[in-house]
Structure formats: structure tokens, C-alpha cells
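Below is one structure, written out as C-alpha cells; the observations come after it.
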Amino acid sequence: MSVERFARKELLNIKGRAASRVTLRRIPGLINLGAGDPDFNHPAFIADAVHKAMMEGHTHYVFGGDPDFKRAIADYYRKYGVEVDGEKQVVLTSGGSQAIFQAFAAILNPGDELIVLNPAYQGYNGPTTYFGAKMVRANMTKDENGLFRPDIGNIEAAVTDRTKALIICNPDNPAGCVYTRKELEAIAELAVEKDFIVLADEIYTEFIWGGRKHETIIDMPGMLERTMVLMSFSKTFAWTGCRAGYIIAGPELAALVGRVPMGICSVPVAFQRAGIEALKRGWDFVKEMRSHYEKRIEYCVKRMNEIPGVRCPRPEGTFYIFPDISELGVPSAKFVEGFFKEEKVRIVPGTQYGSNGEGHIRLALVRPLKDLEEVMNRFERYAKKFK
Ligand SMILES: Cc1ncc(COP(=O)(O)O)c(C=O)c1O
């Protein structure tokens, strides 16, 4: 029997999971740089905090989420110069994925248009389709260092009278750029002028390199009531399996998101208590992860650029690299498939992030340096076959 006849029709337009987002069975010798799942384990005090909270009876309904946790989040976000009221402006979600889904659920009607950059994180695609909305792509363009950046002209050209929102990722996965204040101001001006919402996926804010600073669009003129910042603990505290995230928005928009009937609050209460501890005491751990990521980026960018036909810009943020392999003259999906088969390394073709990602591949630097040295040796051997 086919269950398709029972399905919500939009669901039938959503493909299954991309290969890079399937947990692989153990393959001897495989090095997986596909999904962005940090290889670090969070410090023991976080697990202890979960246990302690459960033993103290934090195991009951907390409608709307733990106010202490929401306050701690608001205090944290203040470091970007923004005043946030934890009670009125923070909505808790089960990680960044649910923040995306819930934000979309709050604003997208069938036929609405959502502007998505090209390339962009692929996790925006499914929810857009699910809500019957249309994704309108705005190509990023490369700067003098070969890094994809938002192109305000292309974004403006994508606006129509059906545009409901634009989603940006800052720092950007997969492109690696960190938005400048000027870029954000231009987007904010356009959003106010054309009257659309900006969804700002900021889950990589703790991973910014080269002295760059995170700027947020929510505090720009006219943006408080038209911005939703989508956040997650997944990368910040290497917490991908624990599922905690949140949305920060102006009070009216946050109340609207809070009306989405997603249940009580999707972060288990004991994990909310542990989240408070993480925000208090987790920063040495974050600093340590940062120092590893920086070394990995430095090493891999250098190795990539030594390979004929490969150009790899240094990312300004995130722990991904997105090298340009177009000179090798092979479609990126084919390159990635062959690399997996021949060299047992899982990476992601740029086309997974949109058509503009063709000629690129993404590597998540979520393995220790010694594994990355091995990956680069295998990569060099494999890439040389095409040149
Ligand atoms: C840009 C971006 N947004 C959202 C997510 C989803 O985050 P989470 O794992 O917390 O659901 C990811 C995960 O890789 C991501 O890269």
C-alpha cells in the first residue's frame, strides 16, 4: 500500500535526505567531513547539570520555557550590543532546524516568496516547500579573495510583490563570509523600503576568524519588528545531539512565533537548566574549539591552494571550507561521488547549496588535524587525476 495518498501534498515535493546528512554505518578507513557535526564532546559539567536538574525535579511541564534560561540567552546576546527581553523576545526551539521551521511556520503562506541566497544552507529548502512557499534565489558574487558574498543588487532584483522574507546566514554556511555592517545596512534599508522580514541565521557567531566582529541586523533602524534571529547551541557548545536553539525577535514577532502550535517547548527542561550552565561556564571550551578550528582552517586552506586547479579562499567565519574546483573540469557531484568511492572521504558537492555552488565542494573541518592531513593527502592524489 502506498501511503502517499494520505500525505499532505507539499510533503510529496520534498526529496529524502541528502547523502551528506545520513548517518553512515561504519566503513573502515572512512573520514566523514560531510555534516557539520563537531568532533568535540561537550564538557562533563554540562552532562552533570542535566543530571542534577533531573534529580532536583526539573522534569515537569514548563510552559513557554524556563524563564531563567531565556534570561540567560538574552544576557548572552547582549554582547552584540542588543537589548533583549528574555521573557518577551526569546522563543526556545529544538535546535536551529526547528528555529527555521517555526519561523517559517509563523510567516509563510502558500504562494509567498522567500528569497534565499545561492549558494545557501540546504536546510531552508524543505520547510519552504512544506509551507507551499516559493524559494526565489539571489546569487551571491565572489569578492577579490574568491569568497562568495551577498550581492545587494541580486537580492533587490529578486524582490517581488509576493516577497514575504529574505533569509541570510551570517556567518555563512557554506560560503564562509561574515557580513559587513555595510552589507547588513543595505539589506536592512531594502527590507524596510520593500516591507519584508529578514530571517538571520546566526548559528556560527562564535566561529569568526581574523579579528572580524559579528554584526547583527536586528539592531539596525526599523529592523526590530521585522527580524528573526535564528540560533542554536549545536555548534556553539558542540551539542548537535542535545537539541537546543532559540529565536530572538521583536516582542510582536516573538509573540507571533510563540503562537505556532509546536507543543509546550521542545527543549527538555533539564537541558534548559544545563543550557544556563553552558552559557555561564562553557566559554573556555568554546575558546579551545576555536583554536583547533583555526589551525585546521589554516592547514587545509594552505594544502588546497597547493593543488593545481583548486582555489580555496580562507573563510571569515564557520568551520567549513568551500574550495573552487571548477578548473578540474568535473561536475562537483561526480567529483564528490568518486572521492567517496575511491578515497573513502565524505564531503558535500556545492550544488547541494544551489546551482551557483557548482564547481565547489564543502568540507566540514570536524576531524582532528591528523585526520585532515590524511584527507588532504587523499584529496591531492584524487584531484591530480583530473588535471
Ligand atoms: C546554517 C545552519 N543553520 C541551521 C542549522 C541547523 O542547526 P541544528 O543542528 O541546531 O538543527 C545548521 C546545521 O548545520 C546550519 O549549518
Side-chain angles (χ1 to χ4, degrees), residues 17-23 32-40 42 46 73 90-105 114 116-128 130 135 140 148 150 165-179 198-208 214 216-217 228-248 262 265-268 271-272 274-275 278-279 282 286 289 293 315-322 346-348 350 352-354 357 362-366:
R17 252 170 241 290
S20 60
R21 292 186 79 78
V22 170
T23 299
N32 190 350
L33 304 186
D37 192 353
D39 53 322
F40 308 99
H42 64 56
I46 294 183
I73 288 168
V90 176
V91 178
L92 302 180
T93 65
S94 172
S97 305
Q98 195 192 310
I100 295 166
F101 192 86
Q102 206 159 326
F104 286 17
L114 173 72
V116 178
L117 302 196
N118 189 2
Y121 171 60
Q122 78 281 16
Y124 310 139
N125 306 4
T128 312
Y130 186 74
M135 209 158 87
M140 291 179 124
F148 276 115
L166 157 73
I167 188 159
I168 59 173
C169 186
N170 176 31
D172 191 274
N173 167 23
C177 68
V178 171
Y179 284 50
V198 176
L199 304 169
D201 182 338
E202 298 186 358
I203 82 167
Y204 294 96
T205 45
E206 291 303 329
F207 306 105
I208 291 185
H214 178 66
T216 179
I217 197 163
M228 288 192 239
V229 177
L230 314 178
M231 287 293 248
S232 172
F233 277 54
S234 293
K235 318 289 170 167
T236 307
F237 296 113
W239 238 25
T240 51
C242 295
R243 313 309 303 147
Y246 53 98
I247 297 173
I248 292 180
M262 297 285 291
C265 162
S266 343
V267 190
F271 280 86
Q272 296 184 44
L279 287 169
V286 176
M289 281 193 292
Y293 286 139
E316 296 171 338
T318 78
F319 42 76
Y320 305 104
I321 53 171
F322 200 53
R346 157 96 10 119
I347 58 172
V348 186
Q352 198 161 302
Y353 308 100
R362 193 199 74 169
L363 288 77
L365 305 185
V366 291

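Ligands are counted one by one from 1 in listed order, and the atoms in each one are counted from 1 as well.
Heavy-atom proximity to Lys235, at under 4.0 Å, picks out these atoms of ligand 1: 13 (C), 14 (O). Interface atoms of ligand 1 facing Asp201, defined by a heavy-atom separation under 4.0 Å, are 1 (C), 2 (C), 3 (N), 4 (C). With ligand atoms numbered from 1 in the order given, ligand 1 contributes 1 (C) to contacts under 4.0 Å with heavy atoms of Cys169. Per-residue contacts place Tyr204 under 4.0 angstrom from the following atoms of ligand 1 (heavy atoms of the residue considered): 1 (C), 14 (O), 15 (C), 16 (O). Within ligand 1, the atoms closer than 4.0 Å to a non-hydrogen atom of Ser234 are 8 (P), 9 (O), 10 (O), numbered from 1 in the order shown. For ligand 1, the atoms closer than 4.0 angstrom to any heavy atom of Ile203 are 2 (C), 3 (N), 4 (C), 5 (C), 7 (O), 12 (C), 15 (C).
Taking 4.0 Å as the cut-off, Phe233 does not count as a neighbour of ligand 1 on heavy-atom distance. Judged by the shortest distance from any of its heavy atoms, Asn173 lies inside the 4.0 Å radius around the atoms of ligand 1.
Nearest approach of Gly317 to Pro171, heavy atoms of both residues: CA-CB, 4.1 Å. For the pair Tyr246 and Thr93, the tightest heavy-atom approach, listed with the atom from each and the gap, is N-OG1, 3.2 Å. Minimum interatomic distance between Val286 and Thr236 (heavy atoms only, all atoms of both residues): CG2-O, 3.4 Å.
With a heavy-atom cut-off of 4.0 Å, Gln98 does not touch ligand 1 at all. Heavy atoms of Ser97 found under 4.0 angstrom from ligand 1 belong to the backbone as well as the side chain.
Remark: the backbone N or O of Gly36 is paired with a side-chain donor or acceptor of Lys235 at under 3.5 angstrom.
Between Tyr353 and Phe322, some side-chain heavy-atom pair lies under the 4.5 Å cut-off. Between Phe233 and Cys242 there is no side-chain heavy-atom pair separated by less than 4.5 Å.
At a cut-off of 3.5 Å, with distance as the only test, a side-chain donor of Ser266 or Gln98 sits close to an acceptor on the other residue.
At least one N/O-N/O distance between Ser232 and ligand 1 falls below 3.5 Å.
The salt bridge (Lys or Arg N to Asp or Glu O under 4.0 Å) search around Asp37 returns none, not counting sequence neighbours.
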